[in-house]
Amino acid sequence: MNKELPKAYEPQNYEDAIYKRWEESGFFNPDVCVEKGGTDANAKPFTIVLPPPNVTGTLHIGHAMMLAIEDLMIRYHRMKGDKTLWLPGTDHAAIATQTKVEKLLIEKGIKDPKKELGREKFLDEVNKFAQASHDTIVNQCKKMGSSLDWSREAFTLDEPRNLAVRTVFKKMYDDGLIYRGYRIVNWCPRCHSTLADDEVEYKEQKTKFYYFKYGPVIIGTARPETKFLDKVIVVHPDDERYKKLQGTKFEMDWIGGKIIAKVIADQASDPKFGTGAMTITPAHSFEDYELAKKYNLDVVQIIDEDGNFTDAAGDFVGKNAQASREEIVKILADKGLLERVDENYIHNLSVCYRCGTAVEPLPSKQWFIDVNKEFSIVNSKLKNIKAGQKVTLKKLMSEAVASGQIEIIPERFNKTYFSWIDNLRDWCISRQIWYGHQIPVWYHGTCQEVSEKVGPGVSENPIVSIDEPAVCPYCGNQTDGGDLHQDPDTLDTWFSSGLWTFSTLGWPEKTVDLQTFHPTSVLETGYDILFFWVARMVLMTTYTLGDIPFEKVYMHGLVRDEQGRKMSKSLGNVIDPLDSIAKYGADATRLSLLLGNTPGNDTRLSEEKIAGFRNFTNKLWNMARFIIANSKIKNQNSKLQLKIQNLTLADKWILSRLDATVKDVSENIENFQFSAAGEKLRDFTWSELADWYLEIAKIEGDKEEILQYILQTLLKLWHPFMPFVTEQIWSEMFGIDRMLMVESWPHLVIPTVVEESLNDFNTIQLIITTIRSARADNKIEPNKKIDAIISAGAKEKLLTENSAIITGLARLEKLTIETKAVKPENAVALVCGDMEIYLDLSGAVDIEKETARLTKEVEAAEKFVTVMKNKLANAEFVNNAPPAVVEKETQKLAETEQKLSKLKEQLSNLK
RNA sequence: GGGCAGUUAGCUCAGUUGGUAGAGCGUUGCGUUUACAUCGCAAAUGUCACAGGUUCAAGUCCUGUACUGCCCACCA
């Protein structure tokens, strides 16, 4: 101990070993903390479940930010003595992962992986990939210093989570909330699966917009290929142009020859858009489908699951619809039906959020969750909702937040959340992919009804069951003999992640974990998955447990590059957290993501910023190095008994500043103001402790105890932000057996927070900076010592007591302090509050420069005096403003007037 | 079309109850005194987007405008 530390902190030399020590200590696990006495058995729990990263690859800088913020909260609460659990896990991310593996297999030369490998072998490949990806992710989490309880790690697709999924599915089905229906769905022809509404993204695109003669009207469309079977024109009921046509039928020529079309009137048609007349395509548009239902029109599918024409398209059957567009336009043009083409139409193309392929709306039989259906809730711990009450899922979702039981931070996201719920349609949960939770529904082949979807010989009657059913409830027969078929579809990945807060804690078992740690305390995530995930967790938890999943939701912003662009491989502006850790250390990487931003807002990151925090890490290291080197105390106890009566002004000042910092930092962390907390801590550490107090300590000496106290407190405060360097310094002082991560969070213990000491110390600081400034202005070399005389007035005693500090920090040879001093010839006079300082520059005074400087000061003071005089002469101000404000302003005026007269006097002396 | 943010120093951003604007980086000058050049000391720079309003007093509250970004809906 107390060995000489290296001059520079090299994070690479320590980080991995420190993480290993933490992990081996078991302290990431709250049960171990209780066992070893670090946490009281009855302590209040603090829980965060890690938003499970997708096993699609590696973690990006956004994940790093998430880890930094969550680890900050977790370490803070652990040190505070809470029973703290941070539960890790990963998400199977069904479509994303399957797509990625398919792509990799194709690159390896397997042309059609699913066909060639079959379901089982293909899933083996996916699982292999997911495992590798998982290992990478776990390693990255550790590199970041995340104090996750790995003993509780979960995966959205592991067996316990699968049981939870099946159990919830069954419960929802029994409550009538899950149904199978034939509806228009978003279909991705590439992923070959349905997508939920919010999995569809919109991309602006310039495209051709065609106008065709359609019987008596002109219609416009960007997608002529869908118009094959259109035979209904819709106009607005009040549109004068088409009034006469309403309700008529007529024969006309169209793509495939003569058709009979009719005209209906409906509000859905916008007279201002295009020609005000439109045809409808019930099978390939949500809106048209609604209209078709309303007017009882045929719904004929013309484009199939591969994006090709169905046999409804006659000669075009089997051809790719989109690719046939020009051909179809040509047919119509040849018939003389093409009116004109707008080449610069801006179209909002809907695309798959995972692969970017254009989404094709088409009718399909799928599983849905009904969000508007009433059911009676069995248990409820929700405010305003009683057990047995009739509710809908929508109501549960909005009530949980509206009641204030869940608090979203920043608050403005409430509005986004509610508007999403208002517009929510039934949630399509079945996906036609292999990787994921297979739907717990079976069909019994010997039953009579035949399903086209499931295959010939398979019953249409679903058997919804947590486990494979032994008996068919429809026919009453045993199901063995291979005549039982499970629905081949899998569930939307968000179905399982919606259960995350409670499935990870062991539900459906009634576990101790579930009782202890649920509802979780904070859900921390990026605002971009508010709908995808946060809203769905609220849905699933309120429904399943009748309780909220978390008390607070804290949303962080996106990490962008230094120009505010999204980071992407194609732009080459990606900052890889692992690179950053290797180059600057995990602590610097964390700080760069924690400081200098505000909740819910995007933040810009640059390598310079990270480098800046690396510098700070090193600064802290060196401060510690200095304090440790000057400490004779061995095996220090952090609960030091300071000899209060011996404190100097500087001691009192730094201790009261430290106290204020402890208070501010704690409050800021509690209020999710992590950036503010870190900035205050940095300012204290660097600008007050390092720049002032450590320098003073060198002058005043005999500070071992107080420096130890400050350092230990500081390390604790910094630990949640930068766990590695603080832990390393701590171990340099106490050895590796005593870990900082489980030390208790500092509280306010200094009984002598003397307010006056702040003001008095500020006076000393002002005198020193004033002298330094004058030295720099007059080009006095830093190591040249000069004489100074201070005319101190009432502050003579204060200055005399601290003359050593002034002499040292202002680099003076001889300092004379008098109540009323006389300015020597050739000395420069400085005004410092109500005092004056005379510096002997040995004739080195630059008269011109001094005149300029003083003139400037006089001008500023005069301007201020004028403003203040006007203000105080204003009767309305004096009468209306609070007396304290008036008094303060009066005092300021008096001080400035005094200063002004001194400045003027000096100026005239100079001339 | 609806909604939400933002507009403050060259850059990135703070500014939490309204009381003569702050930090980091960068820039300029000087510099190695018993931690630290990944450092120290000092300096410069702002009609707080614009226009109204409330108030004794507005970066801060209200209304409107402009621009930027994002979200949602939708474009037949």
Side-chain angles (χ1 to χ4, degrees), chain A residues 5 7-9 198 202 209 219-223 226-227 230 234 268-270 273-281 285-288 291 345-348 350 410 412-413 415-416 419-420 422-423 527-528 530-531 557-558 562 564 584 588 595-598 600-606 608-609 611-630 671 673 675-676 679 682-683 686-687 690-691 694-695 698 768-769 772-777 779-783 808-809 811 863-864 867-868 871 874-882 884-886 888-889 892:
Chain A
L5 301 181
K7 262 177 107 163
Y9 174 68
D198 46 2
Y202 294 92
F209 194 75
I219 58 155
T221 180
R223 300 197 59 196
T226 65
K227 300 272 151 216
D230 288 13
V234 183
S269 185
D270 177 2
F273 189 87
T275 59
M278 66 175 184
T279 63
I280 57 174
T281 313
S285 152
F286 285 89
E287 295 72 33
D288 293 4
L291 279 173
Y345 181 71
I346 303 294
H347 181 72
N348 242 343
S350 46
R412 63 185 147 90
F413 286 111
K415 217 164 175 172
T416 323
S419 75
W420 184 76
D422 288 343
N423 296 319
Y527 64 74
D528 51 331
L530 175 64
F531 307 138
L558 268 42
E562 64 267 85
Y584 302 107
L595 273 67
N597 55 51
T598 34
N601 291 331
D602 292 356
T603 172
R604 298 185 188 199
L605 184 66
S606 61
E608 290 77 48
K609 191 174 172 186
F613 285 110
R614 184 267 322 264
N615 296 354
F616 176 73
T617 317
N618 189 59
K619 182 78 182 180
L620 183 68
W621 175 259
N622 273 290
M623 290 167 70
R625 196 161 79 98
F626 171 72
I627 293 172
I628 292 170
N630 284 284
N671 295 324
Q673 310 274 358
S675 180
E679 281 172 31
R682 181 191 54 193
D683 292 346
W686 206 321
S687 312
D691 290 348
L694 291 190
E695 294 309 315
K698 290 174 192 170
I768 293 165
T769 35
R772 282 172 175 173
S773 176
R775 290 178 59 121
D777 282 349
K779 305 262 187 277
I780 309 296
E781 290 150 42
N783 50 4
L809 297 187
R811 301 209 58 73
K863 198 176 146 198
F864 184 67
V867 170
M868 290 311 251
K871 201 172 186 180
N874 185 342
E876 307 225 54
F877 170 70
V878 179
N879 294 333
N880 293 320
V885 173
V886 178
K888 208 172 134 198
E889 303 293 89
K892 273 197 245 171

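Atom set for the values below is all heavy atoms of this structure, side chains included, hydrogens, waters and symmetry mates excluded. Within every chain, numbering begins at 1; the chains are lettered A, B, ... in the order of the sequence lines, protein sequences first and strands thereafter.
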Quick one: which protein N/O atoms are closer than 3.5 Å to N/O atoms of nucleotides 12-15 of chain B? Pair and distance per line, please.
from, atom 1, to, atom 2, distance (Å)
B:U12, OP1, A:Arg604, NH1, 3.2
B:C13, OP1, A:Arg604, NE, 3.2
B:A14, OP1, A:Thr598, OG1, 2.3

Side chain of A:Arg682 (C-beta onward), nearest among B:C72, B:A23, B:C56:
B:A23
Could you tell me whether the side chain of A:Leu694 reaches within less than 4.5 Å of the side chain of A:Ile627, counting heavy atoms only?
yes
Once pairs are restricted to Watson-Crick or G-U wobble with both distances under 3.5 Å, how does RNA chain B read as a dot-bracket string, [ ] for crossings and | for other-strand pairs?
((((((((.[[[[.)...(..]]]].(((((.......))))).....[[[[[..)....]]]]])))))))....
Taking all atoms of both residues into account, what is the closest heavy-atom pair of A:Ile219 and A:Thr275, and its distance?
CA-OG1, 4.0 Å
Restricting to non-hydrogen atoms, name the atom on A:Lys7 and the atom on A:Asn622 that form the minimum distance, rounded to 0.1 Å.
O-ND2, 3.0 Å
In whole Å, measure the gap between the P atoms of B:C30 and B:G52 for me.
47 Å
Could you work out the separation of B:G15 and B:U7 based on their C1' atoms and round it to a whole Å?
15 Å
Please determine if a side-chain N or O atom of A:Lys415 lies less than 4.0 Å away from the OP1 or OP2 oxygen of B:G3.
no
Encode nucleotides 36-47 of chain B as B, S and - characters from 5' to 3', where the letter depends on protein heavy atoms closer than 4.0 Å: B to the base, S only to sugar-phosphate, - to neither.
BSBSSSSSS---
What about A:Asn874: does its side chain form a donor-acceptor pair under 3.5 Å with the base of B:C56?
no
At 4.0 Å (heavy atoms only), tell me whether A:Phe413 reaches a base, stays on the sugar-phosphate, or touches nothing.
nothing
